[in-house]
Amino acid sequence: MPRLSASLLVLAAALAGPAIAAPEAGNLDPALKINQIQVLGTHNSYAMPVDKRLLDLVDPILGRVTSQLATRLPPEQLALFREEHPNDVSISDGLGYQHPDIVTQLNEGVRSLEIDVNPDPQGGHFADPAGYRILRAQGVADLLPFDAQALREPGYKVLHIADIDFRSHCPTLKLCLSQIRGWSDAHPGHVPLFLVIEAKVQDLPALPDPTHTIAFTPALFDDLDRELVAGLGRKRLITPDDVRGAYPTLNAAIRAGAWPTVAAARGKVIVLMITATGEAATHGYLEGHPSLKGRAAFLRAEPGEDHAAFLMLDNALIRQDQIRDYVRQGYIVRTRSDIEAYEAKTNDMTRAKAAFASGAQIVSTDFEHTGNSWGTPYVVRLPGGELARPNPVNGPSR
């Protein structure tokens, strides 16, 4: 066959029309449901490093964090806290991680983000952290900066621990959502993004004149839903109403396999909300919304509850078999590959391997990048190097 000239090749390419970019995670069968895939997420995705001098200040005050909380939590909540926070570490070790901004994380393949939201309807509640007040009084003038102006605005603030761990890449929920929406607009057809929203209901008042968390109410949850819908756009969201359809309860729907397909969910966001188990906040999100009717987010639940579609079982080392069972039943599960940075410090991949093997759809890490405070090679990536993969428990084989 004669060789085509370069000009003929160019002409043939032009007649063929513009090249169509392959969709990300092209390994996924479009008929897969969104509960039949697995993605890598990050924990406290917004967080910026805490100033070391502040950590030096609070370490001797707080000591070992889990031991301190043992005196403050009811027995049932304490048992769950110890399961989800199994390593009795200092606060400086527990916060010894750092993420780039959330757009960079998305560009690098993270497909689940965790955002902590704190009500601040009047504005300014978190703008003067006690830790920095103490250090400034001691003559420290070059503290790591934070966006105090954004914290003065009314609305939901994004921070981990008031007075201590308050530096954020996007200090307001509105800013976080605008960044996610902008990235999504620029990447049409992305695999569904799982956005974990933690409604903060607890604080750690370890310093003089502390900043206390403002309690969530049904009205504040209504405001939060409106902000989620306004920030992301209703058409971009997969909501409980979308999944429940004509089924009597959300739980019945997901057990019947009513999650949308990956093909239908590309370019969309599913919001998963967590609150402290047993807190009134959980009931506040459900009040007047049976089976999450009309709500924007899927609420963390216990298996079998009418609204149960999303479970959080962060300790895959002790819950691996249960996670597998729940995944087979149709639930979406979030677990973690590392907790309080302990695995990075000890370079231990045991929990990460258990997390991926469990079939939890979301495996969250604090160490998606090489390099950490302890100089170990610990880094977590989705097995196979894809942006998403068929679920190893309920997805068909490749």
Side-chain angles (χ1 to χ4, degrees), residues 22-45 97 99-100 104-114 187 189-196 259 261-263 265-266 270 272 310-339 341-372 376-398:
E24 65 174 36
N27 60 309
L28 297 178
D29 183 336
L32 282 175
K33 300 294 184 74
I34 64 171
N35 66 312
Q36 293 179 299
I37 65 174
Q38 188 175 65
V39 300
L40 182 69
T42 49
H43 164 253
N44 290 347
S45 310
Y97 57 87
H99 299 296
T104 298
Q105 292 177 55
L106 292 169
N107 285 337
E108 294 180 349
V110 168
R111 289 298 175 266
S112 176
L113 300 169
E114 182 181 338
H187 297 81
H190 62 79
V191 296
L193 176 65
F194 298 89
L195 177 59
V196 180
W259 292 109
T261 64
V262 169
R266 283 188 177 274
I270 178 170
L272 309 170
F310 161 56
L311 311 178
M312 190 177 81
L313 298 166
D314 277 350
N315 195 332
L317 286 179
I318 66 173
R319 296 278 193 168
Q320 187 182 62
D321 289 342
Q322 287 174 291
I323 293 172
R324 286 174 176 158
D325 185 42
Y326 293 140
V327 166
R328 291 188 185 104
Q329 292 179 39
Y331 293 99
I332 283 179
V333 182
R334 197 289 289 273
T335 196
R336 291 175 67 179
S337 58
D338 37 81
I339 301 177
Y342 179 82
E343 284 75 18
K345 184 177 181 179
T346 58
N347 192 33
D348 185 353
M349 296 297 296
T350 307
R351 187 182 302 279
K353 291 176 181 177
F356 287 118
S358 74
Q361 291 86 352
I362 304 161
V363 177
S364 290
T365 182
D366 282 318
F367 299 93
E368 72 278 18
H369 285 282
T370 55
N372 59 56
T376 69
Y378 184 87
V379 63
V380 178
R381 295 192 175 96
L382 193 68
E386 299 279 358
L387 291 170
R389 69 169 183 163
N391 193 290
V393 169
N394 69 349
S397 59
R398 290 176 183 269

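Both backbone and side-chain heavy atoms feed into the values below; hydrogens, waters and symmetry mates do not. Residue numbers count from 1 along this sequence. Because the structure is predicted, anything quoted here is derived from the model rather than measured.
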Any Ser337 side-chain heavy atom under 4.5 Å of Glu343 side chain: no
Any side-chain heavy-atom pair of Thr365 and Tyr97 under 4.5 Å: no
Donor-acceptor side-chain pairing of Thr42 and Gln105 below 3.5 angstrom: yes
Any side-chain heavy-atom pair of Asp321 and Asp325 under 4.5 Å: no
Pairwise side-chain contact, Glu368 with Ser45, heavy-atom cut-off 4.5 Å (strictly under): no
ring-ring contact (aromatic ring centres under 6.0 Å, His included) partners of His369, counting only residues at least two apart: none
Any donor-acceptor N/O pair, Gln322 side chain to Arg319 backbone, under 3.5 Å: no
Where Val327 and Gly359 come nearest, the two heavy atoms and their spacing: CG2-O, 3.4 Å
Criterion side-chain contact (heavy atoms from CB on, under 4.5 Å) against Gln361, the qualifying member of Ile332, Thr335, Leu272: Ile332
Donor-acceptor pair, side chain of His99 and main chain of His43, under 3.5 angstrom: yes
With Tyr378 via ring-ring contact (aromatic ring centres under 6.0 Å, His included) - residues at least two apart: Phe367
Lys345 atom NZ, neighbour heavy-atom count above 12 within 6.0 Å: no
All salt bridge (charged side-chain N to carboxylate O under 4.0 Å, His left out) counterparts of Arg334, not counting sequence neighbours: Glu114, Asp314
Test item: Ser358 and Val393 side chains (from C-beta on) under 4.5 Å apart, heavy atoms: no
Tyr326 and Leu313, any side-chain heavy atoms less than 4.5 Å apart: yes
Test side-chain contact (heavy atoms from CB on, under 4.5 Å) applied to Ile37 and Ile362, Leu387, Leu32, Asp29, the passing residue: Leu32
pair Leu28-Pro390: side-chain heavy atoms closer than 4.5 Å: yes
Result of checking His187, His190, Arg266, Arg111 against Glu24 for side-chain hydrogen bond (donor to acceptor under 3.5 Å, both in side chains): Arg111
Exercise: do Arg324 and Asn394 side chains pair donor with acceptor under 3.5 Å: no
